[in-house]
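For the numbers below, each heavy atom of this structure counts, side chains included, while hydrogens, waters and symmetry mates do not. Note that this is a predicted model, so its numbers are computed, not measured. Both counts, for ligands and for their atoms, begin at 1 and track the order of listing.
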Amino acid sequence: APAAQRAPALFRGTFVHSTQVSPVQILNDHILGVDKNGKIVFFEASDKEEKLSETWHFNKKDIRVLQKEFFIPGLVDTHIHASQYSNIGTGLDLTLLPWLTKYTFPVEAKYKDLKFAEDIYTKVVERTLKNGTTTACYFATIHTDASLKLCDIVDNYGQRALVGKVCMDINDTFHKYKEETSHSLEETQRFVTELAKRKYPRVKPIVTPRFAASCSSELLKQLGLFAKHNNLHIQSHISETRPELEITKRLFEKYENYTDVYYQHNLLTDKTVMAHGVYLSDEELKVFHREGAAISHCPNSNISLCSGLLDMRNVLKHQVKVGLGTDVSGGYSASMLDAIRRAIDTTKILSVQSPGYEKLSYKEIFRIATLGGSQALGLDKLIGNFEVGKEFDALLINVDVPNSAFEMFPGETNEVIIQYRDDRNIEEVYVAGKQVVPFLES
Ligand SMILES: Nc1nc2[nH]cnc2c(=O)[nH]1
Ligand SMILES: [Zn+2]
């Protein structure tokens with residue numbers, strides 16, 4: 001039961017967000033105004049209330065004054081397999097390649113059945129929204145109609161998303177889950193065309209070759225050209241595990257490295273987001289920087305599938321755009337709050353392994369989960385924080401709810417709250433100024 005509610009356009013209270021210069025900025029007693037298109041039109045200290053009400057012609061009694069709640073920007077999940085949601089929390093006894101064969105390809109094959117697809121896709125959109133994911137970058141499956149169904153559901157619930165119909169013409173371990181090369185491209189074209197006809201304001205297509213090891217050079221080439229000619233987003237996986245690196249090296253012998261495979265096929269652009277990147281060399285990171293391509297850091301998945309630990313500090317040092325991803329169901333949680341915690345764990349483990357390692361602070365990771373994600377998806381002009389001119393994607397956090405996962409003690413600051421809240425503390429979710437959580441009863 002999706003929401004269709006307009007937010008009150010005016011809020012007064014505490015706002016916590018990130019900027020380029022400040023990983024966490026806490027703005028107490030501010031007023032934020034949202035216009036009917038969902039854009040933030042002003043955001044100022046509330047001693048300006050008088051002047052603002054004259055400029056913007058509002059009545060002060062229309063301001064919603066927050067009490068103990070505060071706003072943070074919506075969380076951006078830069079990598080999630082909507083189709084794998086039905087496997088969440090199961091099948092994590094294997095590493096990537098056998099895991100794909102035993103659990104993942106079989107479940108994705110089921111999305112031929114549109115009823116099944118509709119059921120699971122509804123559940124994953126509801127779950128991610130409730131957990132504060134206002135923007136998701138989804139992998140669906142190879143099935144075009146089911147992928148369009150995901151788009152319909154995302155739009156209906158008011159989430160913002162990039163949705164990819166998966167492309168793969170090689171699968172030697174689960175033969176029935178793959179496509180003919182030409183069919184894969186044609187179906188991608190059909191997916192993009194059909195989605196465009198629907199005119200959804202916040203659901204966009206993303207060209208999605210699964211990863212190099214499941215695509216022929218011909219398919220990669222055609223998808224790269226298609227993305228280029230239509231200026232489309234691109235997503236895939238890169239350098240997640242060592243055995244995958246070996247296979248890719250064997251399949252693409254004449255390329256310099258894994259990054260070069262995507263680069264040579266026009267798949268590494270400033271609208272590309274590649275999941276994982278655990279084993280990328282400095283040389284490859286320089287190519288990411290040069291091309292403006294982004295990495296999605298998926299710490300839960302990296303640990304759950306024993307893939308490895310991404311050195312995010314090194315990624316940032318190379319000025320490569322980076323966001324966080326849940327990578328459901330390689331990652332066992334659909335919550336970006338979990339992704340934040342796993343990213344904190346990962347940076348700490350790296351510092352244990354290498355004394356002197358410059359850990360990321362939780363503040364930096366909060367920024368990566370919000371502003372960083374928006375940059376990784378090329379949406380930072382539109383979302384990511386509460387800058388005037390952006391759309392209001394936001395979570396109303398209440399730390400003091402019944403059944404909260406933690407106690408609040410006197411003297412604790414917002415900073416403590418940022419680290420430890422969970423979805424019970426997300427009372428309301430807004431996308432482009434429209435309240436999308438709680439869902440309205442239909
Ligand atoms: N984590 C993960 N890695 C992949 N590499 C290729 N496909 C997948 C997938 O579905 N999940
Ligand atoms: Zn993935």
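Each of E194, E186, E187 was compared with R190 under the side-chain hydrogen bond (donor to acceptor under 3.5 Å, both in side chains) criterion, and only E187 meets it.
Residues forming a salt bridge (Lys or Arg N to Asp or Glu O under 4.0 Å) with D393 (at least two apart in sequence, or on another chain): R160. The side chain to side chain contact (heavy atoms under 4.5 Å, CB included) test applied to S216 returns D169, I170, T181, E218, L219, not counting sequence neighbours.
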Distances only, to 0.1 Å: what are the N or O pairs between ligand 1 and the protein that fall under 3.5 Å?
from, atom 1, to, atom 2, distance (Å)
ligand 1, 1 (N), E240, OE2, 2.9
ligand 1, 1 (N), D327, OD2, 2.7
ligand 1, 3 (N), E240, OE1, 2.7
ligand 1, 3 (N), E240, OE2, 3.4
ligand 1, 7 (N), R210, NE, 2.9
ligand 1, 10 (O), Q84, NE2, 2.9
ligand 1, 10 (O), R210, NH2, 2.7

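Taking the six-membered ring for Trp and the full ring otherwise, Y258 and Y279 have centroids separated by 6.0 Å or more. Residues F11 and F15 place their aromatic rings such that the two centres sit no closer than 6.0 Å.
The two residues N171 and F105 come nearest to each other via the heavy atoms ND2-CD1, 3.5 Å. Closest heavy-atom contact between H276 and I295: O-CG2, 3.6 Å.
Here the side chain of W99 pairs no donor or acceptor atom with the backbone of D93 at under 3.5 angstrom. With hydrogens and angles disregarded, a donor-acceptor distance shorter than 3.5 Å links the side chain of S214 to the backbone of F211.
Within the protein, the N, O or S atoms sitting under 2.8 Å from the Zn ion (ligand 2) are H79 NE2, H81 NE2, H237 NE2, D327 OD1.
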